[in-house]
Structures are given as structure tokens and as C-alpha cells.
Amino acid sequence: MAAWAHLEITVDDQGNVEVGGYNADPEALVADTESWEDLLTSLGMNGWELVQVMPGVETTYWFKRSV
């Protein structure tokens, strides 16, 4: 059975970003990005799969990747 790493990225309407997750190091993933758009792009290029987007005043993006 595969183990998964999960990330949750929340962006509010002012561009503030919160990153959390488990089986992953969220701080290391955001260290070299200049914007949250760059972060989302780099995650896709590094094997993270976008699972769900919950739009609203705060938009939340959920990603997963096999570890």
C-alpha cells in the first residue's frame, strides 16, 4: 500500500499564504518560491498532484504525492 504526503495551501484575498501538511516539509517547499503562483507551479513540476480546490475568501488547494 502506498504512503502519501499531503499539502494544504490557503491563500486569502490579500495574497497571504498559509502552508501545512503531513509526511512533507512545507517550509522547505516554499523556501525558494517568490509567489504562491510560483509555488503551485513548482509543486506540479515536482510530482505533486492537485486534488481539490475550495474557492472563497480564502482559497484552499490540496495536493498529494506518493512517498
Response to the item:
In short, A24 meets H6 closest at the heavy-atom pair CB-O, 4.3 Å

Practice prompt. For residues V67 and A5, report the shortest heavy-atom separation together with the two atoms involved.
Written response: CG1-CB, 3.6 Å

Does [X] have any side-chain hydrogen bond (donor to acceptor under 3.5 Å, both in side chains) partners at least two apart in sequence or in another chain, and if so, which?
X	answer
E37	S35
T41	none
N46	none
D12	N16

Discussion item. Counting only heavy atoms from other residues, nucleotides and ligands, does the tally under 6.0 Å from CD of Q52 exceed 12?
Written reply: yes

Discussion item. Hydrophobic clustering (ILVMFWY, side-chain heavy atoms < 4.5 Å, transitive) - are W62 and V53 grouped together?
Written reply: no

Worksheet item: Honestly curious: do M54 and L7 fall in one hydrophobic cluster under the side-chain, below-4.5 Å linking rule?
Response: no

Worksheet item: How would you list, by chain and number, every residue that makes a ring-ring contact (aromatic ring centres under 6.0 Å, His included) with W48, sequence neighbours excluded?
Response: none

Discussion item. I'd like to check the ring-ring contact (aromatic ring centres under 6.0 Å, His included) partners of F63; sequence neighbours left out, ordered by chain and number.
Written reply: none

Could you tell me the separation between the [atom1] atom of [X] and the [atom2] atom of [Y], rounded to the nearest 0.5 Å?
X	Y	atom1	atom2	value
Y61	W36	OH	CH2	3.5 Å
L50	L40	CG	CG	8.0 Å
E18	E58	CD	CD	6.5 Å

Item to complete: Please determine which of T10, L39, L29 meets the side-chain contact (heavy atoms from CB on, under 4.5 Å) test together with V19.
Response: L39

Worksheet item: Do side-chain atoms of D38 reach the backbone of T33 as a donor and acceptor pair under 3.5 angstrom?
Response: no

